[in-house]
Amino acid sequence: MPEIQLIETGDGSHSLLNVALNETYHSRHGAMQESLYVFIKQGLDFYNTKYQSENIHVLEVGFGTGLNAWLSFQYAKKHSVLVNYTSLETYPLPHALWKQLVYADEVDRKYFDALHEAVWNAEVKLHPFFVLHKREESLQHFNPSTNHYHIIYFDAFAPNKQPELWELPILNHAVSMLAPGGVFVTYCAKGQLKRDLKSLGLEVESLSGPPGKREMLRAIKK
Ligand SMILES: C[S@@+](CC[C@H](N)C(=O)[O-])C[C@H]1O[C@@H](n2cnc3c(N)ncnc32)[C@H](O)[C@@H]1O
């Protein structure tokens with residue numbers, strides 16, 4: 001397990017620092033505001049508003065702190081939409097670390113804990129509107145049926161820290177899992193990523209980024 005430290009980000013919310021990579025799990029400007037904006041607003045809410053679907057399949061690359069899963073769970077409850085949430089993770093956090101993360105108030109804390117306590121590599125129905133499937137597996141080795149997911153939250157470490165996850169064959173592998181009309185969303189806005197996603201046939205949009213970041217990307221499979 002790499003050395004990982006708890007940090008507080010600019011909006012007061014927690015994140016983690018992978019010491020060896022010198023890389024944080026979220027923007028230092030604000031973990032909560034980044035996740036809410038990039039993945040929930042520009043990903044889940046965008047898809048839900050556009051398609052008014054009753055059952056949305058989300059794939060997350062990197063479960064990490066569980067913040068994106070937590071915010072998606074809250075969104076599903078609030079909007080009464082069933083979210084089937086699959087999340088890949090190669091280094092599940094130890095109990096002692098995730099227990100220190102505070103994203104939920106005391107009333108909701110048990111649901112946040114349930115996300116982390118849910119067994120790995122099996123589907124767990126945590127709520128009538130939320131089914132979690134955490135997989136202790138890398139994106140490179142994950143092989144679901146193609147065209148299965150409506151949204152991919154691509155939340156790997158940054159390309160300069162973990163380049164292998166941003167290479168064209170891996171992006172192609174991820175995109176093959178998206179259903180037509182499906183949405184690929186990420187905090188990263190690198191020109192090379194834009195070009196690669198376009199070359200895979202996606203319609204790529206540069207959107208303004210969360211506070212402190214100029215841009216982010218959303219790409220739609222035609
Ligand atoms: C930027 S962090 C984001 C985590 C998470 N989305 C969150 O909100 O905390 C990237 C995560 O990807 C995980 N990861 C690293 N390599 C991976 C791989 N090959 N496949 C899937 N996840 C990976 C890391 O362990 C880390 O938890």
Side-chain angles (χ1 to χ4, degrees), residues 15 18 20-29 31 34-51 56-65 67-69 71-72 85-91 135 137-222:
S15 187
N18 178 311
L21 288 179
N22 187 26
E23 175 76 346
T24 54
Y25 279 49
H26 307 96
S27 162
R28 287 184 186 266
H29 297 283
E34 179 186 53
S35 287
L36 270 173
Y37 178 78
V38 174
F39 299 105
I40 306 303
K41 182 173 192 298
Q42 303 296 6
L44 184 54
D45 188 51
F46 170 79
Y47 186 91
N48 188 35
T49 306
K50 187 170 163 136
Y51 296 105
I56 303 178
H57 290 262
V58 175
L59 174 67
E60 175 179 41
V61 178
F63 181 74
T65 61
L67 178 56
N68 291 336
L71 296 173
S72 301
Y85 196 95
T86 302
S87 190
L88 308 176
E89 179 56 66
T90 43
Y91 296 105
R135 295 187 63 101
E137 191 172 16
S138 69
L139 172 62
Q140 295 89 320
H141 288 103
F142 181 56
N143 258 314
S145 49
T146 50
N147 298 349
H148 182 69
Y149 293 100
H150 302 121
I151 309 173
I152 295 179
Y153 296 170
F154 206 82
D155 199 12
F157 288 129
N160 60 333
K161 303 292 169 132
Q162 209 181 14
E164 67 277 13
L165 278 182
W166 302 85
E167 284 168 4
L168 188 58
I170 292 297
L171 295 172
N172 188 23
H173 177 56
V175 165
S176 74
M177 300 173 200
L178 266 185
V183 173
F184 176 106
V185 72
T186 181
Y187 65 88
C188 177
K190 282 216 169 309
Q192 188 59 51
L193 178 63
K194 276 186 223 178
R195 290 189 288 280
D196 285 346
L197 292 172
K198 275 187 193 156
S199 79
L200 295 173
L202 276 72
E203 215 171 85
V204 182
E205 290 174 87
S206 295
L207 306 171
S208 50
K213 290 198 170 176
R214 206 162 57 85
E215 278 189 345
M216 60 161 283
L217 288 189
R218 181 169 64 208
I220 299 174
K221 189 163 172 177
K222 293 180 206 161

Open item on the list: Would you say that Leu200 contacts Lys221 through its side chain, given a criterion of any heavy-atom pair below 4.5 Å between the two side chains?
Closed with: no
Open item on the list: Can you confirm whether Ile220 sits close enough to Glu205 that some side-chain heavy atom of one is under 4.5 Å from a side-chain heavy atom of the other?
Closed with: yes
Open item on the list: A side-chain contact here means heavy atoms from C-beta on lying under 4.5 Å apart; do Met177 and Leu139 qualify?
Closed with: yes
TODO: Report yes if some heavy atom in the side chain of Lys161 is under 4.5 Å from a heavy atom in the side chain of Asn18; otherwise report no.
DONE: no
Open item on the list: Taking the side chain as everything from C-beta on, heavy atoms only, tell me whether Gln42 gets closer than 4.5 Å to Val183.
Closed with: no
Task: Aromatic centroids of Phe157 and Tyr25 separated by under 6.0 Å - done: yes
- [ ] Test the Arg218-Phe46 pair against the cation-pi criterion, namely NZ or CZ under 6.0 angstrom from the six-membered ring centroid and within 45° of the ring axis.
- [x] yes
Open item on the list: Is the ring pair Phe39/Tyr153 parallel, tilted or perpendicular, if the boundaries are 30 and 60 degrees?
Closed with: tilted
Task: Leu193 side chain near Leu171 side chain, heavy-atom distance below 4.5 Å - done: yes
Open item on the list: The criterion is side chain to side chain contact (heavy atoms under 4.5 Å, CB included); which residues satisfy it with Ser206, sequence neighbours excluded?
Closed with: Lys194, Glu215, Leu217
- [ ] For the residue pair Ile40 and Ser72, establish whether any side-chain heavy-atom pair is separated by less than 4.5 Å.
- [x] yes
Open item on the list: Would you say that Pro159 contacts Cys188 through its side chain, given a criterion of any heavy-atom pair below 4.5 Å between the two side chains?
Closed with: yes
